[in-house]
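Working notes, beginning with the structure itself.
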Number of protein chains: 2
Amino acid sequence: MTLASLDNEPSSRDRILDVAESLFARRGYAGVGMKEVADGASLGKSSVFHHFKSKAELYSAACVRILGAFEDRLLRSLAEGGTPSVRLERCIGDLIDVLVAHPTHARLLLRSLFEDDDLPQDGPEGAAVYGSIQNIMGPMAKLLREGMSAGEFRLASVSHVLLLLIGPIVFPFASGDFGEQLLGKDVFDPAQVRRIKGELLDLVRVGLSAPNNAREE
Amino acid sequence: MTLASLDNEPSSRDRILDVAESLFARRGYAGVGMKEVADGASLGKSSVFHHFKSKAELYSAACVRILGAFEDRLLRSLAEGGTPSVRLERCIGDLIDVLVAHPTHARLLLRSLFEDDDLPQDGPEGAAVYGSIQNIMGPMAKLLREGMSAGEFRLASVSHVLLLLIGPIVFPFASGDFGEQLLGKDVFDPAQVRRIKGELLDLVRVGLSAPNNAREE
DNA sequence: AATCGGTCCGACCGATCGGTCGGTTTTCTG
DNA sequence: CAGAAAACCGACCGATCGGTCGGACCGATT
């Protein structure tokens with residue numbers, strides 16, 4: 001590691017990642033040029049290619065970084081213990097906190113989940129993205145299963161509920177102008193975040209709670 | 001109108017729109033070239049520019065078309081009457097039906113909602129997109145308000161709930177490979193659609209229902 | 001037959017794309 | 001201080017980008 005890592009100034013590599021993250025989030029993979037990234041990081045284009053050998057690798061690296069942040073927070077949140085419903089609500093809240101802390105994250109996360117064509121799909125970088133997603137979805141699924149067998153959640157298909165939960169967690173903070181227009185205020189305003197989080201937790205708390213009867217698996 | 005409109009074969013303009021819709025949905029605005037669209041429609045690039053004077057206009061036109069389909073279905077669904085909760089569940093189900101009927105719709109819809117930079121933002125085309133979105137969100141908000149004052153839904157912030165509902169409706173059918181991997185089966189498989197729809201409606205039915213007490217506005 | 005509007009196309013334009021290369025400067029290390 | 005390694009950059013490459021232009025082809029009108 002260089003001396004810069006002891007300073008508060010980020011290394012060139014991190015600066016590139018920061019810029020790339022924000023640009024990719026806003027305009028997607030194809031919408032961003034390497035020149036633009038280089039300019040944003042105050043570097044020549046060749047220097048960007050020195051740190052990342054291709055555009056696809058840079059994109060993957062940016063995705064891996066934010067997915068890692070998610071993974072860290074989620075695993076830490078899950079480790080804190082409590083009943084399944086307590087843990088579920090806490091970890092949804094924490095995930096939203098991560099999204100809010102870095103406004104570009106939600107969009108890039110959403111993109112990495114639903115844009116298949118951009119990612120390399122294979123190679124070490126693609127595997128890292130894939131693994132991170134697994135490491136996030138796996139424990140969430142486990143948590144839901146635990147809650148169901150403990151009788152706290154109503155019985156439902158875990159994978160379908162999981163697929164259903166991603167949308168309301170991520171989309172509001174990826175919605176940009178649309179969300180701002182709908183709410184009349186900035187989605188990332190603390191008061192709005194609190195409101196969104198509250199509504200979502202209410203919905204999940206009640207919507208997933210077990211009725212007195214049980215249905216299908 | 002030409003004679004082709006009487007045939008079952010779609011006009012060149014419609015063919016272009018079909019191709020553009022599918023390509024834009026998959027790779028986003030910047031990820032699609034006009035040459036690609038032209039090839040897909042079995043036309044020369046110049047011919048595409050004859051029907052749509054710019055790429056931005058083509059993109060807007062594609063968005064307007066799918067938003068219009070949504071709007072139509074939603075308004076028809078809402079007009080059928082019933083209690084607010086019946087109408088809400090029916091129209092969520094119908095919206096999902098539209099998404100499922102045209103697998104590319106969900107992705108393009110999601111993009112048009114959260115990618116601000118692509119759309120022209122102004123001009124007649126941008127206004128049409130904007131208006132369509134308004135025509136969809138407005139009645140939905142009205143429906144929620146009615147349900148709350150009728151005591152069927154719990155009291156909540158309409159706009160926040162609305163923002164929250166979009167995610168679980170649209171995302172599952174835009175999730176592509178990710179969703180397929182999570183479920184182990186194609187998201188658009190009728191059985192899976194039924195399952196997703198069921199889980200979502202369960203979640204909404206219970207999660208929005210009014211408890212015996214009321215809270216904030 | 002002449003003409004006209006609509007449709008279509010090949011060729012072309014300047015700009016930008018991702019990426020390479022050779023060489024210079026900076027920084028770490030022995 | 002010498003030398004290696006890492007970081008950086010300007011110039012350049014072929015390909016592709018969105019878009020234009022002049023003209024060819026067509027069925028319908030007069």
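Keep in mind that this is a model prediction, so the values were computed, not measured. First the proteins, then the strands, lettered A, B, ... as listed; each starts at 1.
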| said: In terms of relative ring orientation, are A:Tyr29 and A:Tyr59 parallel, tilted or perpendicular, with 30° and 60° separating the classes? | reply: perpendicular

| Are OP1 or OP2 of C:dC8 and a side-chain N or O of B:Ser12 less than 4.0 angstrom apart? | yes

| note | Minimal heavy-atom distance between B:Leu58 and B:Val37, with the atoms involved, is CD2-CG1, 4.1 Å

| note | Closest heavy-atom pair, A:Ala174 versus B:Phe114, reported as atoms and distance to 0.1 Å, is O-CB, 3.2 Å

| message | Does anything in residues 14-23 of chain A come within less than 4.0 Å of DNA chain D? Heavy atoms only, and list the residues if so. | response | none

| field | Interatomic distance where CD belongs to B:Glu57 and P belongs to D:dT20 [whole Å] | value | 12 Å

| query | How about A:Tyr130: does its OH atom have over 12 heavy atoms from other parts shown lying under 6.0 Å from it? | reply | no

| Starting at CZ of A:Phe49 and ending at P of C:dG22, how long is that distance when rounded to a whole Å? | 17 Å

| When rounded to the nearest 0.5 angstrom, what distance separates CE in B:Met137 from CG in B:Asn135? | 11.5 Å

| said: Any salt bridge linking B:Asp18 with B:Arg15? Criterion: basic side-chain nitrogen under 4.0 Å from a carboxylate oxygen. | reply: no

| remark: Per-nt protein contacts along nucleotides 11-17 of chain D (heavy atom under 4.0 Å; B base, S backbone sugar-phosphate only, - none) come out as B------

| message | Check the phosphate of C:dC9 against B:Ser47, side-chain N and O only, distance under 4.0 Å to OP1 or OP2. Yes or no? | response | yes

| request: State whether A:His50 places a side-chain N or O below 4.0 Å from either non-bridging phosphate oxygen (OP1 or OP2) of D:dA7. | output: yes

| said: Looking at every non-hydrogen atom in both residues, tell me the closest pair between B:Gly147 and B:Pro84 and how far apart they are. | reply: CA-CB, 3.4 Å

| Length of the CZ-P vector between A:Arg13 and D:dA7, whole Å | 10 Å

| request: From the options C:dC8, C:dT20, D:dG19, select the nucleotide whose nearest atom is closest to the side chain of B:Leu43. | output: C:dC8

| Any A:His51 side-chain N or O less than 4.0 Å from OP1/OP2 of D:dC8 | yes

| So which pairs with a foot in residues 90-109 of chain A pass salt bridge (charged side-chain N to carboxylate O under 4.0 Å, His left out), sequence neighbours left out? | A:Arg73-A:Asp94, A:Arg73-A:Asp97, A:Glu80-A:Arg90, A:Asp97-A:Lys197, A:Arg107-B:Asp116

| message | Is there a side-chain contact between A:Leu88 and A:Phe153 in this structure, where contact means two heavy atoms from C-beta onward sitting under 4.5 Å apart? | response | yes

